[in-house]
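What follows is a set of notes on a single structure, which appears directly below.
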2 protein chains.
Amino acid sequence: MSNKKPLSKSEKLKNDRKNEKRSSSMIKKSYILLAIFIAISSATMYGFKKLTTPPETPKVDLQQWWGKYPIDMKKDTSIRPYKIEFSDVIVNDLKERLLHRRSFTPPLENTGFTYGFNTHFLTQVLDFWQNKYNFKEREQFLNKYDHYLTNIQGLDIHFLHVKPNPPPNVTVVPILLMHGWPGSFREFYELIPKLITPRPNQDFVFEIIAPSIPGFGFSQAPVRPGMGPIEVSVIFRNLMARIGHEKYYVQGGDYGSAIGSVMATLFPEHILGYHTNMPMLGYNAMVTIYTLLGSVWPSFIVEPELADRMYPLSKHMSKIVEESGYFHIQATKPDTVGVALSDSPAGLAAYILEKFSTWTNMDYRKSADGSLLNKFSLTHLLDNVMIYWASNTITSSMRHYAEGYKQLMLTDQIPTDVPTWGIKFKHEISFYPDSILKLKYKNYLHSSIVEDGGHFPAMELPDVLADDIFDAVHTFREFHSGGQPPAEKVVIHPEVDYEKAKTVYEFTVKDSKGQDVKLDKYKGKVLIIVNVASQCGYTNVHYEQLNQLHERYNQKGLRILAFPCNQFGGQEPGSMKEILQFTKQKKVKFDLFEKIEVNGDNAHPLWKFLKKAQGGLMGDFIKWNFSKFIVDRNGIPVERFGPNTNPLDLEPYLAKLWG
Amino acid sequence: MSNKKPLSKSEKLKNDRKNEKRSSSMIKKSYILLAIFIAISSATMYGFKKLTTPPETPKVDLQQWWGKYPIDMKKDTSIRPYKIEFSDVIVNDLKERLLHRRSFTPPLENTGFTYGFNTHFLTQVLDFWQNKYNFKEREQFLNKYDHYLTNIQGLDIHFLHVKPNPPPNVTVVPILLMHGWPGSFREFYELIPKLITPRPNQDFVFEIIAPSIPGFGFSQAPVRPGMGPIEVSVIFRNLMARIGHEKYYVQGGDYGSAIGSVMATLFPEHILGYHTNMPMLGYNAMVTIYTLLGSVWPSFIVEPELADRMYPLSKHMSKIVEESGYFHIQATKPDTVGVALSDSPAGLAAYILEKFSTWTNMDYRKSADGSLLNKFSLTHLLDNVMIYWASNTITSSMRHYAEGYKQLMLTDQIPTDVPTWGIKFKHEISFYPDSILKLKYKNYLHSSIVEDGGHFPAMELPDVLADDIFDAVHTFREFHSGGQPPAEKVVIHPEVDYEKAKTVYEFTVKDSKGQDVKLDKYKGKVLIIVNVASQCGYTNVHYEQLNQLHERYNQKGLRILAFPCNQFGGQEPGSMKEILQFTKQKKVKFDLFEKIEVNGDNAHPLWKFLKKAQGGLMGDFIKWNFSKFIVDRNGIPVERFGPNTNPLDLEPYLAKLWG
């Protein structure tokens with residue numbers, strides 16, 4: 001039984017109120033929850049919108065004055081020829097300083113370049129500079145292209161201007177080549193001839209304009225703060241206009257790449273295409289989100305074969321911290337560190353050349369000479385240092401860091417439609433996947449992947465860079481004429497110097513999963529190296545007989561290395577997945593590698609080596625699918641056969657090699 | 001009516017199972033929730049425990065060899081006298097370099113020191129160095145204290161050793177003074193005489209040992225990597241043992257402070273007390289948590305009057321980023337930047353002296369001369385630069401950054417019981433509240449707060465530093481004898497030079513809430529300035545009559561400025577809160593300021609000025625509570641009265657001043 005008393009009226013009222021209160025409190029709670037939900041959703045959407053809504057394009061003053069006041073109203077707009085001069089005064093003073101340089105603190109034991117430029121090796125560099133660097137000859141060398149000065153916005157701007165001399169059916173297209181820090185126009189001297197020379201497969205050739213950035217080399221420095229990549233862009237736009245170019249291509253690395261990016265953002269009407277050998281997008285909140293997402297799920301943002309260029313994130317971040325001290329001090333105290341570098345040629349050489357070692361390959365830090373001469377000659381390196389020394393511009397060049405990064409935080413968030421093409425060298429200090437680059441570059445057409453090279457490709461790998469610039473501009477021109485889709489992604493392999501190689505063991509190839517395979521794993525074996533294709537008339541008999549050879553002689557030490565190649569009749573068009581399906585069906589048991597090219601500039605160096613070692617009857621080039629090379633147990637190519645020779649016909653030649 | 005059909009057996013069974021499932025699923029869910037709860041709590045507790053459980057104290061090798069191999073088995077353990085020599089060869093070479101220095105890049109317009117050392121001003125510094133710095137005289141000056149060398153662990157270690165000559169009843173206590181970067185033992189030259197001179201109120205005096213850190217000045221540098229603060233600590237411990245000191249005090253700023261902290265951590269048995277003028281605790285996860293908590297709720301970790309030394313966090317973080325470029329490059333590429341600084345005296349001077357400007361006061365960056373001469377003379381500054389130049393040790397000094405911070409990440413997490421005392425100068429580049437310091441320093445006894453001074457107090461404010469070291473060691477000695485509690489916190493006020501001041505308007509005081517009040521706000525008023533106390537026989541009549549004066553003459557322009565002071569009979573012992581309660585009760589309407597001292601070294605400069613301007617009958621010092629100064633409408637003190645003169649008796653004197 002219930003022991004409840006019947007409720008009095010007042011009690012009922014109380015209860016009603018209580019219930020009312022309770023239900024109204026529940027309604028309130030629901031409202032609060034709803035409000036929180038709406039607030040969070042709105043904040044998320046607002047945040048996302050804010051992150052993905054670009055800021056307004058900054059308004060720039062196209063006539064901003066950078067010289068001393070008062071502004072010169074009778075502006076001299078002439079373009080004056082200029083000669084670089086290493087005067088006796090400069091050279092004698094420099095030699096005196098080098099001679100009387102102080103004894104430097106010896107490096108700590110066995111530390112190579114890890115504490116900075118190794119002073120033991122520096123002594124060799126400075127001795128060379130003082131005694132062997134031929135100042136007069138190098139002056140002539142630097143003057144081999146035409147130099148000019150012209151005053152823009154109060155500053156004398158220096159530039160190289162090199163015109164090609166093409167046959168009538170070849171179009172001349174202007175390209176602005178922009179150096180970075182601590183580089184100069186000198187970086188382009190090996191590249192320029194390759195860009196102004198017509199190519200059989202291209203209907204255009206380049207006219208080169210390579211300026212010195214204001215405050216670098218022979219371009220005057222601004223007298224007041226504020227000269228960052230935006231202001232340099234304005235000056236270069238005005239320079240191109242003065243020369244007479246309304247529309248042109250831009251190319252750059254390092255700071256030159258940043259300027260190119262800003263030009264593509266602010267002046268899309270002038271820029272026909274932007275080619276960069278340091279594609280990056282650093283200052284954009286979405287990039288951070290993508291990068292962090294990718295650290296959990298790399299394939300979300302980066303191709304698996306390139307993932308190790310950006311992950312693990314901690315490794316790459318600590319690399320950046322380790323290598324960005326120069327950036328930090330230049331962005332904050334350029335004038336302090338500039339005093340010593342202006343005054344001491346030894347100090348300047350160490351400061352600049354450390355970057356040519358470490359930025360070419362971080363592993364070079366381990367060696368006592370920074371492996372500096374692996375890729376460069378001292379003469380070439382010192383040409384660049386001389387430009388900083390003779391013009392005394394190290395301080396004004398470093399000041400750009402104090403202005404630059406703030407501006408890039410803005411422009412990196414503004415998209416551009418200018419067609420863009422990046423080439424990614426293996427040892428470049430930063431790496432950004434296409435998925436990130438496309439956040440800004442709405443027409444990011446292509447990345448070339450190079451399994452070699454570093455931060456200074458114009459000097460290190462001028463052939464690779466020149467080829468890529470031609471390919472890029474070819475694609476840009478097709479893009480503008482509404483033509484074909486951009487070129488297929490091609491991986492450019494490390495440039496083992498096939499001319500100097502002695503055996504196949506020196507080369508590295510990629511297996512069918514994209515993993516590096518060093519061929520020295522085949523030491524002591526007899527090899528057949530063959531280019532294969534799935535849709536060729538020779539396909540069936542070759543796969544059948546190669547399988548037989550494999551079964552008969554594998555025990556004796558025969559290994560067959562097959563390289564798919566699509567260069568003959570387009571008979572190997574499929575992806576690696578498709579090719580693997582086909583070879584599975586053919587029951588192939590020998591080793592299959594990644595698809596490559598065997599002819600042309602992009603031919604794999606192994607094949608360049610094979611062709612050179614065993615030339616062909618009608619020329620060294622590979623004539624068709626299923627060309628076969630026999631390599632002996634010492635790695636030396638000893639025979640070569642065309643597709644007409646069936647694999648089983650090779651047995652007598654192989655017999656000689658069974659030891 | 002219910003339209004439910006009775007359930008069939010099988011349906012019942014189903015339902016039972018369903019219910020079973022549901023309840024078992026609920027149990028499962030509860031288990032999962034419980035598991036999550038346990039996991040989170042454990043993780044939190046584990047994390048907290050891990051954060052608060054110090055790592056093991058590292059084992060150190062007390063005989064680690066730092067010289068070239070092979071180890072010298074017949075070690076020379078003698079202590080050899082040493083003289084600093086600026087030889088003619090060094091001086092002539094230096095003058096040549098200064099004479100032939102290159103023309104430096106002019107500073108950007110109106111940028112002061114914000115891009116680094118201003119090269120216009122640098123020219124003056126270098127001219128002085130070349131033509132006016134008296135090398136012979138400075139050599140003698142530096143040799144005025146006794147220098148020694150002794151070989152420790154393969155390195156010749158240089159040190160100053162200065163013994164006092166006290167009367168018999170005064171104890172001599174040894175103290176190790178440790179310089180930082182870019183300082184040297186020279187920093188202590190103004191401090192040393194003040195530490196070796198007996199004081200009337202102290203029963204001890206100091207014996208000074210001031211070494212050069214290995215790789216700095218005249219101490220040899222290690223030949224292999226690994227010399228960080230831990231290794232320096234070992235060497236200094238062995239140095240003190242060689243000199244014959246088993247127990248001693250340590251003092252330092254900058255890197256010297258870090259070494260002191262490590263010594264207190266690793267060798268508590270030797271260290272009687274640790275005094276630091278840069279108390280910090282950077283590398284400790286709990287510090288980050290505290291700092292972030294404080295950014296939401298500052299009073300949780302820092303006294304309100306000091307909060308602006310560390311918050312807003314963003315402002316202080318960006319200050320640190322702006323000022324840490326040197327740290328970044330020295331921790332990664334010391335050898336690169338060292339080449340130029342070794343070779344160029346101009347570069348070395350700019351690099352070192354920039355720090356003496358900016359670290360003394362960040363606002364100095366705004367002026368074209370970095371206000372470098374506000375606090376220092378060129379001669380004194382160049383003494384320090386000369387030590388780096390003559391010994392050619394800039395590179396080896398910078399290398400410590402490459403080893404140091406990793407070690408501090410370890411030792412900052414290990415607590416120490418060594419009694420510790422910090423003095424916090426207003427413009428020091430880093431600030432850590434006591435609450436954070438106490439995480440490591442279990443006997444952190446006291447912080448002295450100085451409303452003036454920067455990173456180099458031994459040179460800038462040697463009196464303040466010497467007083468503080470005496471106070472600290474006095475307290476350390478009482479701590480060890482189980483004596484009195486540490487001294488009350490005293491705020492040391494900015495050192496306006498009262499001897500040069502002309503009016504009271506030049507001084508700044510703090511109001512009762514700790515806010516700065518510049519006295520020029522009283523321009524044109526007649527002032528009574530008085531020291532007050534709540535528990536004095538004179539209290540009642542003074543508060544009553546001062547109130548009356550205020551009411552009668554406020555309109556005419558009278559202002560009364562009352563300063564609580566506890567120096568007379570301890571009759572103002574309370575906190576500002578208590579004093580304010582008392583004056584509220586007394587209905588005080590005139591202006592009450594923060595509690596100060598009026599006599600002694602720590603007297604507020606305003607009062608030093610008042611006493612000097614209006615001396616007393618039996619001496620200038622203030623005799624008791626309620627001393628009254630009358631200041632005219634031009635800020636000049638014109639009358640002085642003791643406590644025996646009642647405030648209303650001042651009316652005739654005030655009458656003269658009503659204009």
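Each chain gets a letter, A, B and so on, in the order the sequences are listed, and its residues count up from 1.
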For A:T105, is it the side chain, the backbone, both, or neither that has a heavy atom closer than 4.5 Å to a heavy atom of chain B? both

Could you tell me which of A:Q330, A:E323, A:K68 has the largest number of non-hydrogen atom pairs under 4.5 Å with chain B? A:E323

Quick one: do A:F117 and A:L372 satisfy side chain to side chain contact (heavy atoms under 4.5 Å, CB included)? Show the steps, please. CA-CA 11 Å; A:F117 206 103; A:L372 199 56; 4.3 Å; yes

Over 60° means perpendicular and under 30° means parallel, so tell me whether B:F113 and B:F121 are parallel, tilted or perpendicular. tilted

Check whether more than 12 heavy atoms from other residues, nucleotides or ligands sit under 6.0 Å from atom NZ of A:K366, and answer yes or no. no

What part of A:I394 is in contact with chain B, defined as an atom under 4.5 angstrom from a non-hydrogen atom: side chain, backbone, both or neither? neither

By the definition side chain to side chain donor-acceptor pair (under 3.5 Å), identify the one residue from A:T360, A:N361, A:D254 that meets it with A:H455. A:D254

Toward chain B, the part of A:A346 with a non-hydrogen atom under 4.5 Å: both

With only heavy atoms counted, which part of A:S342 is less than 4.5 Å from chain B, the side chain, the backbone, both or neither? both

Could you have a look at B:S103, B:G338, B:A331, B:P225 and say which one has the most heavy-atom pairs with chain A under 4.5 angstrom? B:P225

So which residue, A:T358, A:V321, A:T393, ends up with the most heavy-atom pairs under 4.5 Å with chain B? A:V321

Taking the six-membered ring where the residue is Trp, are the ring centres of A:H400 and A:F216 under 6.0 Å apart? yes

Against chain B, work out which of A:A221, A:S324, A:P107, A:P345 has the most heavy-atom pairs shorter than 4.5 Å and name it. A:S324

Quick check for you: among B:M398, B:R97, B:H328, which has the greatest number of heavy-atom pairs under 4.5 Å with chain A? B:H328

Separation between CG of A:L155 and CE of A:M227, rounded to the nearest 0.5 Å: 5.5 Å

Can you tell which of A:Y115, A:Y351, A:F327 has the highest number of heavy-atom pairs within less than 4.5 Å of chain B? A:Y115

Close aromatic pair by centroid cut-off 6.0 Å: B:F356 and B:F456: yes

I need the residue from A:E322, A:R399, A:R101 with the largest number of non-hydrogen atom pairs under 4.5 Å to chain B. A:R399

Looking only at B:G325, B:S396, B:A402, the option with the highest number of non-hydrogen pairs under 4.5 Å against chain A is B:G325

Do NZ/NE/NH1/NH2 and the carboxylate oxygens of A:K95 and A:D88 come within less than 4.0 Å? no

I want to know whether B:W359 and B:Y326 have ring centres closer than 6.0 Å. yes

Which of B:T119, B:T111, B:D335, B:N110 touches chain A most, by non-hydrogen pairs under 4.5 Å: B:D335

